[in-house]
Amino acid sequence: MPRTIVVTSALPYANGPIHIGHLVEYIQTDIWIRFHRMCGNRCFYFCADDTHGTPIMISARKAGIAPEQFIAKIHKEHSADFAGFHVDFDNYYTTHSPENKTLSELIFNRLNEAGSIVKHPVGQTYCEVDQMPLPDRYVRGTCPRCGAVDQYGDSCEVCGATYRTVDLVQPRCSLCGTPPVFQTSEHYFFKLADYEKQLKDLFAAGYTQKSVANKLDEWFQAGLKDWDISRDGPYFGFKIPGEDNKYFYVWLDAPIGYMASARNYCERNGLNFDELWNSPANELYHFIGKDIMYFHALFWPAMLMGSGFKTANKLFVHGFLTVNGEKMSKSRGTFIKASTYARHLDPEYLRYYYASKLTDAVEDIDLSFQDFVGKVNSDLVGKYANLASRSGPMLARQFNSRLGTLDEDGRQLLARLTAVKEQIVEGYEGLNYATVVRTIGALADDANRYVEQNQPWTTAKTDPQKALTTLTAVLNAVRVLTIYLKPILPQFAQKVEKFLSIDPLQFADVDKILENHQIGAFERLFERVDEEKVTAMVEESKEGQTPAAAAPVAPVVPGIEPIKPECTIDDFAKIDLRVARVVSAEKVAGADKLLHLVLDVGVAQKNVMAGIAKAYAPESLVGRHVVLFANLKPRQMKFGLSEGMILASGPGGTEIFVLAPDAGAKPGQKIS
RNA sequence: GGCGGUGUAGCUCAGUUGGUUAGAGCAUGGGAUUCAUAAGCCCAGGGUCGGUGGUUCGAAUCCACCCGCCGCUACCA
């Protein structure tokens, strides 16, 4: 009896491009869906762009277009990116849709009727210039604890303090730079705690992986608090029923977007949405990253419980992607967009590589370029593609592309391949793709050894019949391996199906044997990957660089550093240089190069550790004006916190020459 | 700070309920081949399984402590 399975991946935020980190999840989910389809189950894969909220409103403003236009453009890009990586959604919709509006209002009203919605006054930050309420991350100012400048409105990246935005020293709107005002507003809240018991039962029943459940325990122990689900206008989102200037917070309507996508699909395809989504006979699964566990493990099921919808059977949580062991980084060129990747490399390489690393654990997976190139060349090309490549053309030359029958040896090879079918099925079902890939790899080794032992290139001359049975066995092995790999490598599978002249492979085909069958022309299945292509992709991903712009070669003069690559006025604008007066200067005990300077920059005083002790006597500096790199991220040094850098030239040691403005400049003045 | 995760060959990772000389792929060295996308096959080198102590006849596997790295710390998206 086929299962009916509805699956979702998290909705990507419509504020930027899809990158290779996103793709971990969509590839993981897509493999799962394709596997189930191959087992004959009825599957539906729904997703959408997450389109609401302040960041999108601001991005649209910056682009000078309406938010609707902005998200339409992103939707087009996202859809193309996913298609390029063979992510096979049944519907890739948007949260800015009539279906989502209707469902959001329905769920809100039902929660309200259930008594789970309350109102509380909330202090909020408002920018009168931009005429909008500011989320904490759009307010910046000086940390009230350590004095670090330019910190977010809720926490300090330098000392780690968390605080309220109202406590920030010299707060300013990060968009226009003016000080915001503080005001009070009534917000709607969802009483999450009403559902604590039901949520606990859900997790006890195995809603998530165990490590996720442990994390949830922590949250339960800390106590569930009311969730703020409204935002004051202007806001890009859905208006709350009965309100003029209040909107649903983006995270309220985002998960409802899963349902809206399903509903839109049902309406277009003559299916009953309520039956598909809500029938207990149907299975529902969400795939998400560990960063949004709170929303999907607590808020979302509680919302569904409170509004009379069933909750998912299971929430599958995965970890993040690191590249070469480190966080993805724009400056290192490892923040790679899906579209950039696809311009340089075959998307199936990445699908295979991710599959070879994915397990059901909530662990980060690492994309190591060296490992990536190795796996593609030795596995995809050396094992799988090669198996077809060393048998197909020979069958064509010697036997007119017609398969014979199997002998005992060949049947044994096939038996070894089909024996692990259940193991592979369990691996896919349980998200242990890494195990699946390892198992398949071992089978391919077995098949390659089989070719080696039977030497069809020799028997072709002495015993053609034997050569034919060998090649028949090998190509049957290719067929079985392709079935196993098809969820991961759909395009590869398609090529093999064409080459073998067979119908699209299903899991049940594992037990069939292809004999006395005419096959098609062999076509190369994979190309080897050159490490230079990876390098080129990384270079193109480095921020601020355009692929074609070769930096002019700077002339080399002995003793003088070459001029660095060109940058723009915008790059320079990030650097805030100020005139500063040296208030005090003293040698740092225990350090022979450092001077501890206290600088007056007009609005504040800064501590700076400067490595100029060998060139300047401390007392000679007091009272002088210097140039300060004022917005350099503060750095905790062995001898204290340094909050900036003073500018100087010279090779170092005793030859250091501090820069100074001409007479008349005052502390705090901007240098540009 | 608290909580969670993690640390196994140069690299990426497996190691089932604790059980004989700790495995794979890549990389490295050697060999025999040539059907094949400089692919495939055979052999070899390489690890005190983060550290210390403990439980046990026996621990990479269980316990304690320590060290390193990563993440989370909610009304931020």
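These values consider heavy atoms only, across backbone and side chains, with no hydrogens, waters or symmetry-generated copies. Per chain, numbering begins at 1; letters A, B, ... match sequence-line order.
- Side-chain contact of A:Y450 with A:D409: a donor-acceptor pair under 3.5 Å is absent, judged by distance alone.
- When Watson-Crick and G-U wobble pairs are counted only if both distances are under 3.5 Å, B:G4 pairs with B:C70.
- Pairing of B:U61, defined by two Watson-Crick or G-U wobble distances under 3.5 Å, is not identified with any nucleotide.
- The same atom, P, is picked in B:G58 and in B:U21; the two are 14 Å apart, to the nearest Å.
- In this structure, A:Q370 and A:G53 both approach RNA chain B, and ranking their closest nucleotides by distance from the 5' end singles out A:Q370.
- A:L403 CG to A:L500 CG: the interatomic distance, rounded to the nearest 0.5 Å, is 7.5 Å.
- For A:D366 and A:K357, the salt-bridge test fails: no basic side-chain N is under 4.0 Å from an acidic carboxylate O.
- Across the protein-nucleic acid pair, A:R390 atom CZ and B:A36 atom C1' stand 6 Å apart, rounded to whole Å.
- Counting only N and O atoms by type, the side chains of A:Y195 and A:S116 include a donor and acceptor under 3.5 Å apart.
- A sub-4.0 Å separation between OP1 or OP2 of B:A77 and a side-chain N or O of A:R231 is present.
- Ring geometry for A:W227 versus A:F190: interplanar angle over 60°, hence perpendicular rather than tilted (30 to 60°).
- Look at A:R528 and you'll find a side-chain N or O under 4.0 angstrom from OP1 or OP2 of B:A39.
- Which of B:C76, B:G71, B:C11 sits closest to the side chain of A:S368 comes down to B:C11.
- With distances taken from any side-chain atom of A:D136 to the nucleotides B:U37, B:C76, B:U12, the minimum falls on B:C76.
- A:L224 has its CG atom 15 Å from the P atom of B:C75, to the nearest Å.
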Practice problem: Take A:S185 and A:K246 through the test side chain to side chain donor-acceptor pair (under 3.5 Å) and record every step on the way to the result. | Solution: CA-CA 10 Å; A:S185 168; A:K246 291 192 190 298; 3.2 Å; yes
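- Pairing partner, B:A39: none, since no Watson-Crick or wobble contact has both distances short of 3.5 Å.
- A:D226 comes within 4.0 angstrom of a base, heavy atoms only.
- With B:A77, B:A14, B:A36 as the candidates, the nucleotide lying closest to the side chain of A:T359 is B:A14.
- Between the side chain of A:N100 and the main chain of A:G257, a donor-acceptor pair closer than 3.5 Å is present.
- If you take atom P in B:C67 and the same atom in B:U12, they sit 25 Å apart, rounded to whole Å.
- Among the nucleotides B:U37, B:U6, B:C75, the one closest to the side chain of A:A385 is B:U37.
- Remark: C1' of B:A77 and CZ of A:F320 are 12 Å apart, rounded to the nearest angstrom.
- With respect to A:H286, the ring pair (Phe, Tyr, Trp, His ring centres under 6.0 Å) criterion is satisfied by exactly one of A:F316, A:Y258, A:Y207: A:Y258.
- In a base pair of the Watson-Crick type (N1 to N3 plus N6-O4 or O6-N4) or a G-U wobble (N1-O2 and O6-N3), with each distance short of 3.5 Å, B:U33 is matched with no nucleotide.
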Self-check item: Sequence-aligned protein contact record of nucleotides 41-47 of chain B, with B where the base is within under 4.0 Å of a protein heavy atom and S where only the sugar-phosphate is
Solution: SS-----
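- Residue A:K357 has a polar side-chain atom (N or O) positioned under 4.0 Å from OP1 or OP2 of B:C13.
- As judged by a 4.0 angstrom heavy-atom cut-off over every strand, A:L298 is placed among residues making no nucleic acid contact.
- Distance noted for atom P between B:U33 and B:C49: 41 Å (whole Å).
- Comparing the C1' positions of B:U17 and B:A32 gives an interatomic distance of 44 Å, to the nearest angstrom.
- The CE atom of A:M328 sits 13 Å away from the P atom of B:G71 (whole-angstrom rounding).
- As a whole-Å value, the separation of A:F369 CZ from B:U12 C1' is 14 Å.
- Heavy-atom nearest nucleotides on RNA chain B were determined for A:E363 and for A:A434, and the one closer to the 5' end corresponds to A:E363.
- Note on A:F190: nothing from the nucleic acid sits closer than 4.0 angstrom, heavy atoms only.
- B:C70 sits 22 Å from B:G10 when the C1' atoms are compared, rounded to a whole Å.
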Quiz item: Going through the checks in order, is the side chain to side chain donor-acceptor pair (under 3.5 Å) test met by A:N112 and A:Y188?
Solution: CA-CA 10 Å; A:N112 201 13; A:Y188 286 85; over 6 Å; no
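- Atom P of B:G45 sits at a distance of 23 Å from the matching atom of B:G50, rounded to the whole Å.
- Under the side-chain contact (heavy atoms from CB on, under 4.5 Å) test applied with A:D49, the options A:H75, A:H96, A:E77 reduce to a single match, A:H75.
- If you check every strand for non-hydrogen atoms under 4.0 Å, A:F526 touches a base.
- Under a cut-off of 6.0 angstrom, the local environment of NZ in A:K421 is crowded, with over 12 non-hydrogen atoms contributed by other residues, nucleotides or ligands.
- Closest to the side chain of A:M394, from the set B:C35, B:A77, B:C75, is B:C35.
- The side chain of A:P135 sits closest to B:C76 out of B:C76, B:A39, B:C35.
- Atom CG in A:L367 sits roughly 13 Å away from atom C1' in B:C11 (whole-Å rounding).
- If you check B:U20 for Watson-Crick or wobble pairing at under 3.5 angstrom, you find it has no partner at all.
- Residue contacts for A:D366: at a heavy-atom cut-off of 4.0 Å it reaches the sugar-phosphate backbone alone, with no base atom in range.
- Picking from B:U37, B:A36, B:U34 the nucleotide with the shortest atom distance to the side chain of A:W457 gives B:U34.
- Between the CH2 atom of A:W227 and the P atom of B:C76 there is a distance of 13 Å, rounded to whole Å.
- At least one side-chain nitrogen or oxygen of A:K327 sits closer than 4.0 Å to the OP1 or OP2 atom of B:G71.
- Distance check on atom C1': B:G29 versus B:G15 gives 27 Å, rounded to whole Å.
- Across B:U55 and B:G18, the matching C1' atoms stand 11 Å from one another, rounded to whole Å.
- In this structure, CZ of A:R438 is placed 13 Å from P of B:A24, rounded to the nearest angstrom.
- Pairing for B:C76 is absent, judged as Watson-Crick or G-U wobble with the two contacts each under 3.5 Å.
- Among B:C76, B:G25, B:U37, the nucleotide with an atom closest to any side-chain atom of A:L525 is B:U37.
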